[in-house]
Each structure stands twice: as C-alpha cells, then as structure tokens.
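We use all heavy atoms of the structure for the numbers below, so side chains are in, but hydrogens, waters and symmetry mates are not.
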Amino acid sequence: MKLLVTGANGQVGWELARSLMPLGDVIALDRSRCDLSRPAALASLMEEIKPDVIVNAAAYTAVDRAETDEAAATVINGIAPGELARIAKRNGALLVHYSTDYVFDGTKSAPYDEDDPVAPINAYGRSKLAGEVAIRDSGCDHLIFRTTWVFAARGGNFVRTMLRLGAERDTLRVVADQIGAPTWARNIADATALAVARAQAERQQHSFSSGVFNLASRGETSWHGFAEAIFAGARAQLPGVGLKVAAVTPIPSSAYPMPAARPVNSRLTASKLQARFGIVMPRWDDALARCLDDLAGQ
C-alpha cells in the first residue's frame, strides 16, 4: 500500500510518518512539495505518486489571521481538500482528512455528536466546514476526523507556549470558561493508522462506508486547567525547564479578546469512533504526561 501524507512538518503530519509506516510505503510531503494553496497543481502530483491512501494533514491553522484572510484559509482548508477528494474518487483512493470542533458554535451544553448541526462562528471554522462539504460531495471513499485542542512536543501549540511563558513570567492569566479535551498529535496519528488499516480491509471486502468521526481525548478541562496540568507535569518531569510561574489566574474569555470568536464548548463524543474501529482514545492528562516525557528526552 502506498500512503501519501500532506503537511509532513505539522504536528499531526510529523507523527503520521511514523504511525503509518507499518501499513506500507509512506510518502510524507511538506508544503514545498505539496502546497495546498495551489490546488490546481495537485492533480499532476497525485498522478506522479499514485497513492492508495491520501492522508491530508495540511491545513491553514492561523485561526485569528483567518478573520482577515478568509479567502486564503478557504483555498487551503476548503477548495484544496475538495480537489484531493476528486482525485481520490477518480483514482479509487481513500482520502483521510482532519477537521475541527470549530465547525460547531459551542453553545451545546453536552459534548457534540457527529450529527449535531454545524454552525461555525469564525472564518477558520467556515473554511474547515467547506472542506468537509467538498469531500462529501465528491463521492470519494473518505474518513473525516474532527479533532480538538491539538498539542505535541514540537511545533506551535498550547503546551509549548505555556512552557515558554512559564519560564519567562511569574504570573499568567488563562481563559477558564472554554471547555474541551486536549488531544495529543501522536494519539491522532496512531488512531488514524488503525482506522486506515480497517478501512482498507473493508474496501477490499466491498463493505466500506465513508463517514465523519470525532477523534479527541477522553475527559475534559479548561484552558486554565490545561495550563495548570502542564506546569505540574513539567515540574515533575522536566526538572531542567526552569519555570518561574508561581500563579495561574483563571479569567473569562471576555478578559482576553481575540480577533476570532472561540466555541465555549469544544467537547466531542467518541462513541462512534469506538463502535466503528474499536478505538478508545486515552485521557487528555495521560496523553499530556507522555508528551512531556517526549520533551524530557529532547
């Protein structure tokens, strides 16, 4: 099996190169070789590689910048995935794509199911929803994974930002009224590999059905709770990190205004993923501990 991964230098793309390796020949491409801002160039690239599986981990992820750059975000997150889907349909390939809890408005009081009505409240969410719609409309075999609050030992993410700020400042103010489940990029990649293996077996047996699946850690916390867990874990697992921070003050979202509105509730159910693929995601705090172990070894 030949598997093509886009966004190879991203948090999830980096992990996918390792997680997918047991399944076959993995070709992991960064933006210099596979640029989703140029959708018209994708057909010739895919014709050259002829992958059996396309795992699209590339995305426009600058949530706040998207508010003034929605056209660019829509090209990368909406139009390009649609082009990949048409190519997959034409070539009989499976397309795996990552979406986000930001397709929801965050007003539901319980965790979101895959079939809940979508209503993005920012440009980034609209661009990601456009990608979902384009993929579904293409008719290709596909798996769309909605994930949330992604973190990793590399790249730009909340864990690394908190560790940097915690080493620079005595006090920090962190939003406490947004709730979600921090999800480790490695867990996303490992779950993807398991799902792809099952999906390919189903396709060979002509029993495959496409779908959207929530792919997020178990449990829940706020950004404030996440920050406190990061600092507690770092003190135990990263003795050389040199934390200065002594207090993390909880604040409402209104006290930290951002260009893009964020959903208050980013929780996602996981029952559909378990029922279809037998995948049970780890708790967010257990995943954080493993990620910090990775950082300790760097």
Side-chain angles (χ1 to χ4, degrees), residues 10-12 57 59-67 73 77 97-132 144-152 155-162 173-185 187-188 191 212-230 248 250-274 279-288 291:
Q11 296 178 94
V12 176
Y60 184 111
T61 57
V63 175
D64 290 312
R65 191 167 69 235
E67 291 299 300
N77 292 343
H97 178 74
Y98 300 98
S99 190
T100 173
D101 62 285
Y102 279 35
V103 300
F104 300 116
D105 62 12
T107 60
K108 186 180 179 181
S109 58
Y112 279 92
D113 298 317
E114 289 85 350
D115 296 330
D116 281 326
V118 292
I121 59 175
N122 58 40
Y124 170 74
R126 289 190 294 271
S127 72
K128 294 298 286 184
L129 179 58
E132 289 190 15
I144 297 172
F145 294 122
R146 289 177 180 153
T147 191
T148 178
W149 293 21
V150 179
F151 68 92
N157 59 73
F158 190 76
V159 170
R160 290 173 59 88
T161 297
M162 286 298 103
R173 301 164 73 243
V174 181
V175 169
D177 59 359
Q178 297 173 20
I179 307 298
T183 305
W184 190 23
N187 291 153
I188 294 171
V212 179
F213 301 87
N214 293 335
L215 179 54
S217 296
R218 290 184 293 120
E220 62 183 62
T221 189
S222 66
W223 289 114
H224 176 265
F226 190 19
E228 291 207 311
I230 291 165
V248 183
I251 61 171
S253 301
S254 58
Y256 190 67
M258 304 286 282
R262 264 69 170 177
V264 172
N265 175 23
S266 289
R267 295 172 298 166
L268 302 173
T269 61
S271 55
K272 186 177 177 182
L273 183 78
Q274 183 175 354
I279 296 171
V280 179
M281 293 291 283
R283 282 188 52 87
W284 70 268
D285 44 358
D286 292 336
L288 172 61
C291 179

Quick one: are Ile188 and Tyr98 in side-chain contact, heavy atoms under 4.5 Å? yes
If you measure from CG on Asn122 to CE on Met258, what distance do you get to the nearest 0.5 Å? 11.0 Å
Under 4.5 Å between any side-chain heavy atoms of Phe151 and Cys291, yes or no? yes
I'd like to know if the side chain of Lys128 reaches the main chain of Gly131, judged simply by a donor and an acceptor atom lying under 3.5 Å from each other, with no hydrogens or angles considered. no
Between Ser217 (side chain only) and Pro182 (backbone N and O only), is there a donor and an acceptor less than 3.5 Å apart? yes
If I compare all heavy atoms of Val174 with all of Val248, which pair ends up nearest, and what's the gap? CG2-CG1, 3.7 Å
Under 3.5 Å donor-acceptor, Asp113 side chain and Asp115 backbone: no
Test item: Asn265 side-chain N/O and Thr107 main-chain N/O as donor-acceptor pair under 3.5 Å: no
Do the side chain of Asn214 and the main chain of Thr269 share a donor and acceptor less than 3.5 angstrom apart? yes
Step through the shown structure and confirm whether more than 12 heavy atoms of other residues, nucleotides or ligands are within 6.0 Å of CZ on Arg218. yes
I want to check something: taking the side chain as every heavy atom from C-beta on, are Tyr102 and Val63 in contact at a cut-off of under 4.5 Å? yes
Mind checking the NZ-CG spacing from Lys272 to Leu215? Nearest 0.5 Å is all I need. 12.5 Å
Closest heavy-atom pair, Phe158 versus Phe226, reported as atoms and distance to 0.1 Å, is CD2-CD2, 3.3 Å
Hey, could you give me the CG/OH distance between Asp105 and Tyr112, rounded to the nearest 0.5 Å? 4.5 Å
How many angstroms lie between CD1 in Ile251 and OH in Tyr256, if you round to the nearest 0.5 Å? 8.0 Å
For Gln178 and Trp223, which heavy atoms make the closest approach, and how far apart are they? OE1-NE1, 3.1 Å
Let me see the working for Asp101 and Arg262 under salt bridge (charged side-chain N to carboxylate O under 4.0 Å, His left out), right down to the final yes or no. CA-CA 10 Å; Asp101 62 285; Arg262 264 69 170 177; over 6 Å; no
Nearest heavy-atom contact between Ala176 and Ser222 is O-CB, 3.5 Å
Closest non-hydrogen atoms of Val212 and Glu114, given as atom of the first, atom of the second and distance, are O-CG, 3.2 Å
Taking only Lys NZ, Arg NE, NH1 and NH2, and the carboxylate oxygens of Asp or Glu, determine whether Arg267 and Glu220 approach each other closer than 4.0 Å. yes
Under a 3.5 Å distance rule, please check whether Asn77 uses its side chain to pair with a backbone N or O of Ala59 as donor and acceptor. no
Separation between CZ (Phe104) and CZ (Arg146), nearest 0.5 Å, reads 4.0 Å
Considering non-hydrogen atoms only, spot the tightest contact between Asp177 and Pro252 and give its length. OD2-CA, 3.5 Å
Test side-chain contact (heavy atoms from CB on, under 4.5 Å) applied to Tyr124 and Thr100, step by step: CA-CA 9 Å; Tyr124 170 74; Thr100 173; 3.9 Å; yes
Nearest-0.5 Å distance that lies between atom CG in Leu268 and atom OG1 in Thr183: 7.5 Å
Kindly determine whether Tyr60 and Ser127 satisfy side-chain contact (heavy atoms from CB on, under 4.5 Å), including the steps that lead there. CA-CA 9 Å; Tyr60 184 111; Ser127 72; 5.8 Å; no
